[in-house]
Amino acid sequence: MPQRRPHPAAGRTSRTDASGQRTDPARRRPAGSSGSSGEAHRRGERILRDGSRERPRTQSAPRPAATRSGAGGRAPAKARTAPQRRPVPRTPLTAIRVPLGSSTHRVHVVLVIMAMGLSLCAGRLLQLQGFDSARYTADSIDALTRTLPLLPARGEITDRNGQVLASTQPAVAVTADPTLVGPKAQQVAGILAPYLQMTPEQLVPLLTKPDTHFVYLKKKVPALTYTNLAADLAKAGIYGVFRESDPIRTYPDGAVGSSVVGFVGADGKGLGGLELSMNKELSGVEGTETYESAPNGSKIPLGNSTVTPAQNGLNFRSSIDSELQWMVQQRLATQVQRTQSDYGMAIVMNVKTGEVLAMANAPTFDSSDPSAAATESRGNNAISSPYEPGSVEKVLTSAALFDSGAATPETRLSIPYRLQSGPLSIKDAFQHTSDPLRLRVRGAVAQSSNIGMALATRQMNREQLHDYYVKFGLGSTTGVQLPGESAGIIPPPDMSNIQRDQVAFGQAISVTAVQMAAAISGVVNGGIYHPPTVVSQVTDADGNTVDLDKREPRRIISAKASAQVRDVMQAVMDSDNGQKNLRLDDWTSGGKTGTAQRADPELHRYKGYVTSFVGFAPLNDPEILTYVVMNNPKGSFDTGTSTANPVWRDVMKYALPHFSVAPDAQPIKPKPTTW
């Protein structure tokens, strides 16, 4: 039988008291002490928190059957079962109880908390309805109010006769709310596809676009098309497709006058010509419509609604004659192709008013489809591309000489074969028949003598010559109502002697075609300069005339000097070359050829030529002037006579009768050019 392991208390040494009795130290401790507790544990008892003890519950083992030795006999000692050792039970954990106080106190705490909550609610209510009521009212109104822009109608551009060159067609941008049409995307796409010229496969992704209430389906849809589209949607009971005003700018004549009219971008704003320079005036003032709307964005029929009407743009009547413009463009384009020029320019002006009757460029572009043309063709070289004018400048040099009194058409010049100018020498493009060549100033202009004009100009003060060029409008923009105008370059008042010699015959100076056309119109029009204009009249939507930028004419030379300029320009037409190639048959006229070395912007040196011709008619009472310029013609075409004059003649033959200019009754007798 296994031995019982002694309890740890058994190892303690006993003590003997005074009477000699052995005393266990554990027995000397009072009840409830650790000693008593240990004894209780040995007996398997549990000690509760109040100090009481609980005896363990044991199951009585079945007693062995009594022996047959006798009634009431006990079983022998060896038959008894040895006591089993039980594990020491653990003390169970008990919940810790926290006292909460009296119920009255708890009620008071709850009431205080409720009072604080009600106070906060009352304060917030006071803020909303008392102090900030106006702001929150406004916010709520804004949440239910929708404001839509009312786009004004863009003004029209017409030619001088009322022919429409640019107008606006009503159109819309079709939009949709995917949250409303998404569930029926396939059905909606099927209805929209034929009207918007799109496929259902293109429309469905737009109609089902996630996380948005707005998508563009198609822009620039004609208003009538949208009306039919909306009717089909209404029949199908579909809501969620909307429209925005998105008018279409149309150009009925396409490329006719495109350099003047210009074009607009996708946003309807001008990008060239009058469309750009007068964009603000053409656009008008946008209006607004404000109304109360439902959460889905629809207008509440009886809700508040206010409308600020849009102010339509101004209408511009240009000075261009569309029929003449078309003819000039066609003739110029043909000559550019024939001479293989980089580009050509032509300006037709009313001498008496400064109105531009035609302004053509070749190549050019179609205002309805500007992107189809090259970038450099979408501008207006006639106002933005300066060049050295060559011998046409001799007309303005003569005007300065005559008005200043430095010379007259009869002034005699002895012209050597070469003229020294500083380290350089000046020569003429033609062979001299004598040395020196004896020409009057009239003859120097008629034969286009560079040496003769340089000699005559040396009689003028350099600062005075500069001032005349400024008076003629060179070196500054003319103010024509078109964008991108260049000012050109003229020498300063303290120019060198070499510069004075060169500018006399059109080198060392740069101009634009519109500058030269306006300046020469002024010097032959009795000396009265009219600033060039491409606008004849401006009216508002009600037809009332509007004055924008009215520029007054000014005198630049005397009437006598103007007659002398016409005299020398007549001599050009009466010369051998003029009679063979230049002059008109039925009208007396004056003119001047021009051939200048071309400054190459890439090579930074002279390469090729700029050729030109300017002329007017009738001679003594000028009405129409035409100026033609060809840039860098190739091959044998290297003079104004062979390149620019043929265009000039054809244009003048058309323009003079077109504007009812009667032929001259009698020819004018030529005057002497030599002495």
Side-chain angles (χ1 to χ4, degrees), residues 328 331-336 338-349 356 358-362 380-399 429 445-448 450 453 472-474 486 488 502-521 523-524 532 565 568-569 572-573 575 577-578 581-583 589-599 606 608-616 624-634 636-652:
V328 176
R331 185 63 183 88
L332 181 66
T334 300
Q335 191 70 354
V336 166
R338 178 171 178 262
T339 60
Q340 301 179 39
S341 301
D342 290 353
Y343 59 85
M345 305 170 281
I347 295 178
V348 183
M349 290 189 67
V356 176
M359 180 180 287
N361 291 271
N380 190 342
N381 290 320
I383 67 169
S384 62
S385 298
Y387 58 93
E388 294 187 9
S391 294
V392 170
E393 181 72 17
K394 292 171 183 173
V395 175
L396 299 183
T397 302
S398 298
V445 174
Q447 296 191 38
S448 198
N450 295 338
M453 295 307 299
F472 298 154
L474 307 186
S486 174
Q502 290 176 328
V503 298
F505 54 85
Q507 298 279 181
I509 186 173
S510 68
V511 300
T512 63
V514 70
Q515 281 178 334
M516 289 300 290
I520 295 175
S521 290
V523 299
V524 301
V565 171
V568 298
M569 293 184 74
V572 174
M573 298 305 217
S575 66
N577 180 47
N581 304 304
L582 307 179
R583 66 190 305 173
S589 59
K592 184 69 189 78
T593 59
T595 303
Q597 290 180 301
R598 171 182 171 270
Y606 285 118
Y609 297 93
V610 176
T611 61
S612 57
F613 189 88
V614 63
F616 64 91
I624 295 177
L625 176 142
T626 298
Y627 183 38
V628 181
V629 182
M630 309 295 288
N631 187 287
N632 198 26
K634 310 297 192 303
S636 60
F637 299 98
D638 58 359
T639 67
T641 299
S642 61
T643 60
N645 178 260
V647 179
W648 178 85
R649 293 183 67 194
D650 290 345
V651 169
M652 292 295 284

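Counting heavy atoms from C-beta on, the side chains of Leu396 and Val523 come closer than 4.5 Å. When side chains are defined from C-beta on, Asn632 does not count as touching Val610, because their heavy atoms never get closer than 4.5 Å. Using a 4.5 Å heavy-atom threshold, the side chains of Val647 and Val651 count as touching. In this structure the side chain of Val336 reaches within 4.5 angstrom of the side chain of Met630, judged on heavy atoms. Using a 4.5 Å heavy-atom cutoff, the side chains of Val348 and Val328 are in contact. Residues Phe616 and Ile624 form no side-chain contact, since every pair of their non-hydrogen atoms from C-beta on lies 4.5 Å or further apart.
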Side chain to side chain contact (heavy atoms under 4.5 Å, CB included), that's the test. Do Val392 and Thr593 meet it? Break it down for me. CA-CA 6 Å; Val392 170; Thr593 59; over 6 Å; no
Mind running side chain to side chain contact (heavy atoms under 4.5 Å, CB included) on Val565 and Val395 for me, showing each step along the way? CA-CA 7 Å; Val565 171; Val395 175; 3.9 Å; yes
Run the side chain to side chain contact (heavy atoms under 4.5 Å, CB included) check on Glu393 and Val503 step by step: do they pass? CA-CA 8 Å; Glu393 181 72 17; Val503 298; 5.8 Å; no
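Between Asn645 atom CG and Met652 atom CE the span is 11.0 Å, to the nearest 0.5 Å. Between the CE atom of Met453 and the OG atom of Ser398 there is a distance of 3.5 Å, given to the nearest 0.5 Å. Taking CG of Leu332 as the reference point, atom OH of Tyr343 lies at 12.0 Å (rounded to 0.5 Å). Going from atom OG1 of Thr595 over to atom CZ of Phe505 covers 13.0 Å, rounded to the nearest 0.5 Å. Going from atom OG1 of Thr611 over to atom CG of Asn631 covers 8.5 Å, rounded to the nearest 0.5 Å. In this structure, Tyr627 OH and Met349 CE are separated by 13.0 Å, a value rounded to the nearest 0.5 Å.
Closest approach of Ala517 and Ile347 over heavy atoms only: CB-CG2, 4.1 Å. Closest approach of Gln502 and Ala508 over heavy atoms only: OE1-CB, 3.4 Å. Across Ser642 and Gln335, no two heavy atoms sit closer than the pair O-NE2, 3.5 Å. Residue Pro389 comes nearest to Met516 through the heavy atom pair CB-CE, 4.3 Å, listed as atom of the first residue, atom of the second, then distance. Taking both residues in full, the closest heavy atoms of Pro386 and Gly488 are given as CB-CA, 4.4 Å, listed atom of the first, atom of the second, then distance. For Ala513 against Met345, the heavy-atom pair with the smallest separation is CB-SD, 4.3 Å.
Under a 3.5 Å cut-off, the side chain of Asn361 and the backbone N or O of Asn380 do not form any donor-acceptor pair. Of the possible polar contacts, none joining the Lys592 side chain to the Lys394 backbone as a donor-acceptor pair under 3.5 Å is found. Under a 3.5 Å cut-off, the side chain of Ser448 and the backbone N or O of Val445 do not form any donor-acceptor pair. Looking at Thr397, its side chain does come within 3.5 Å of a backbone N or O of Ala504 through a donor-acceptor pair.
Under the salt bridge (charged side-chain N to carboxylate O under 4.0 Å, His left out) criterion, Arg649 pairs with no residue at all, not counting sequence neighbours. In terms of the ring-ring contact (aromatic ring centres under 6.0 Å, His included) criterion, residue partners of Phe613 (sequence neighbours excluded) are, by chain and number, Trp648. Applying the side chain to side chain donor-acceptor pair (under 3.5 Å) rule to Asp650 yields the partners Arg331; only residues at least two apart in sequence or on another chain are considered.
Between the side chains of Thr512 and Ser486, not a single donor N or O lies within less than 3.5 Å of an accepting N or O. Between the side chains of Thr339 and Ser341, at least one donor-acceptor pair of N or O atoms lies under 3.5 Å.
Using a cutoff of 4.0 Å between basic side-chain nitrogens and carboxylate oxygens, Asp342 and Lys634 are scored as salt-bridged.
Residue Tyr609 places its OH atom among 12 or fewer non-hydrogen atoms of other residues, nucleotides or ligands, all under 6.0 Å distant.
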